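Notes follow once the structure below has been shown.
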Amino acid sequence: MPELPEVETVRRDLEKVLVGKKITAVEILDKKIVGGKPAVFVSAVNGKKIVGVERRGKLLAFKLSSGEYLLAHLKMTGQLICVSLSLRAKRGNLIAGGHQVGKNDLTVPNKFTRVIFAFSPPARGGARGGGSVGGTLYFNDLRRFGYLKVVSAEEKETIFKNNFGIEPLTPDFKLSAFTKIFRNRKTNLKAILMNQKLISGLGNIYVDEACFNAGLLPWRSAKSLKPPEIKKLFSCIQKVIAVAIKNRGTTFKDFRDGAGGRGAHYNFLNVYGRKGEKCRKCKNFIKKTKHAGRGTHFCPKCQR
DNA sequence: GTGTTTGTTATCAA
DNA sequence: CTTGATAACAAACA
């Protein structure tokens with residue numbers, strides 16, 4: 001499911017393609033996704049340009065020329081897939097047309113398409129990216145947990161500040177700050193790493209992977225962790241996220257990048273989804289239990 | 001029909 | 001107020 005590496009992959013893809021372009025039409029096929037008031041949503045985004053694409057944890061924020069932000073959360077099965085106008089023209093499709101993306105194994109729009117945006121090219125001679133063509137952006141979401149929402153710049157700052165803990169891959173992600181999130185806490189390692197208000201961006205896949213790489217059992221209590229173990233975990237989190245981004249994220253089933261392609265990191269997972277398979281390190285069998293209400297994968301020999 | 005999958009939030013308890 | 005644990009949400013699949 002989309003965690004930090006997947007959302008960052010989408011952010012980078014869409015930043016390249018959408019910055020400088022103007023939203024010229026919006027089609028809402030499922031009003032639940034935009035909060036139930038289609039007209040309000042449409043008037044907030046229609047005619048606005050995308051001037052930047054930000055991310056905090058798993059939340060995307062498209063900065064609009066109005067100064068407002070279009071927030072997008074993919075939750076579990078959300079996808080943001082952009083198709084260029086030239087491709088659309090080539091295949092002779094309009095906004096409701098159909099064409100294949102992501103190595104031809106996915107068609108957009110499809111029955112899980114919830115919102116469609118049409119974009120016009122940037123003004124001629126404009127310096128900012130996006131190339132010279134417009135395009136269409138599809139928000140797909142099989143399970144309809146994801147959402148799109150327009151907020152003011154102030155609201156966006158408040159949301160970023162109040163709902164997200166330390167952000168991996170930024171200068172704020174320091175060992176001292178990381179160590180603090182374990183202090184005076186009575187819960188276990190997995191629950192802490194899953195808590196977005198303490199550390200942003202990790203989900204079930206990368207929590208299990210980071211714990212394996214650090215050699216720590218996910219149900220270890222916070223207070224049982226020794227400073228060297230916290231330090232190891234700290235560096236493993238950064239490493240696992242960086243490698244996963246390099247591989248463009250993990251596609252288990254639903255995740256797609258900004259062009260509809262799959263992420264390649266699935267092939268490099270050590271424990272997640274590998275129950276019953278051999279540990280890549282010690283050749284023992286990977287086991288699975290439940291912790292913090294989530295499936296938890298681990299190697300009984302490599303993790304203590 | 002049952003259980004499982006997960007990101008986030010609501011709810012309740014301490 | 002904070003913290004923690006659990007259920008609920010949604011839809012598909014084995």
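Convention: sequence-line order gives letters A, B, ...; per-chain numbering from 1. Predicted, not measured: the structure shown is a model, and the values here were computed from it. Hydrogens, waters and symmetry mates are skipped; everything else that's a heavy atom, side chains included, is used.
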Compare the minimum distances between each of [options] and the side chain of [X], then state the nucleotide with the smallest one.
{"X": "A:Lys186", "options": "C:dG4, B:dT5, B:dT8", "answer": "C:dG4"}
{"X": "A:Arg185", "options": "C:dC13, C:dC9, C:dG4", "answer": "C:dG4"}
{"X": "A:Gln196", "options": "B:dG7, C:dG4, B:dT8", "answer": "B:dT8"}
{"X": "A:Arg144", "options": "C:dA11, B:dT5, B:dG7", "answer": "C:dA11"}

d([atom1], [X]; [atom2], [N]) in whole Å:
{"X": "A:Asp254", "N": "B:dG7", "atom1": "CG", "atom2": "P", "answer": "12 Å"}
{"X": "A:Asn188", "N": "C:dA5", "atom1": "CG", "atom2": "C1'", "answer": "11 Å"}
{"X": "A:His291", "N": "C:dA5", "atom1": "NE2", "atom2": "P", "answer": "12 Å"}
{"X": "A:Ile192", "N": "C:dG4", "atom1": "CD1", "atom2": "P", "answer": "7 Å"}
{"X": "A:Lys253", "N": "C:dA12", "atom1": "NZ", "atom2": "C1'", "answer": "7 Å"}
{"X": "A:Leu60", "N": "B:dT8", "atom1": "CG", "atom2": "P", "answer": "12 Å"}
{"X": "A:Phe182", "N": "C:dT3", "atom1": "CZ", "atom2": "C1'", "answer": "16 Å"}

Ring geometry between A:Phe252 and A:Tyr266 (parallel below 30°, tilted from 30 to 60°, perpendicular above 60°):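 Rings of A:Tyr266 and A:Phe252: perpendicular, as their planes differ by over 60°.
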Parallel, tilted or perpendicular, as decided by the 30° and 60° cut-offs, for the rings of A:Trp219 and A:Phe298: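 Judged by the thresholds at 30° and 60°, the geometry between A:Phe298 and A:Trp219 is perpendicular.
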Nearest-nucleotide comparison on DNA chain C, the residue closer to the 5′ end among A:Leu142 and A:Ala292: A:Ala292
Hey, does the side chain of [X] reach the backbone of [Y] with a donor-acceptor pair shorter than 3.5 angstrom?
{"X": "A:Arg55", "Y": "A:Ala61", "result": "no"}
{"X": "A:Thr187", "Y": "A:Ala191", "result": "no"}
{"X": "A:Glu3", "Y": "A:Tyr206", "result": "yes"}

Lys/Arg-Asp/Glu bridge criterion (N-O < 4.0 Å) met for A:Arg262, A:Asp257: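 Looking at A:Asp257 together with A:Arg262, the answer is no, because their closest N to O distance does not fall below 4.0 Å.
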Salt bridge A:Arg248-A:Asp13, side-chain N to carboxylate O under 4.0 Å: yes
Does a side-chain N or O from [X] land closer than 4.0 Å to OP1 or OP2 of [N], or not?
{"X": "A:Lys58", "N": "B:dT8", "value": "yes"}
{"X": "A:Arg294", "N": "B:dT5", "value": "no"}
{"X": "A:Thr187", "N": "C:dT3", "value": "no"}

Touch class at under 4.0 angstrom, heavy-atom based, for A:Gly295 against every strand present: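 If one applies the 4.0 Å heavy-atom cut-off, A:Gly295 turns out to touch the sugar-phosphate alone, with no base involved.
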Sugar-phosphate, base or nothing in reach of A:Tyr147, heavy atoms under 4.0 Å: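 Answer is nothing: A:Tyr147 stays at 4.0 Å or more from every strand.
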Pair A:Thr77, A:Asp141: side-chain N/O donor-acceptor within cut-off below 3.5 Å: yes
Toward the 5' end of DNA chain B, by each residue's nearest nucleotide, A:Lys290 or A:Lys197: A:Lys290
Atom pairs, N/O to N/O, protein against nucleotides 10-14 of chain B, distance under 3.5 Å?
none

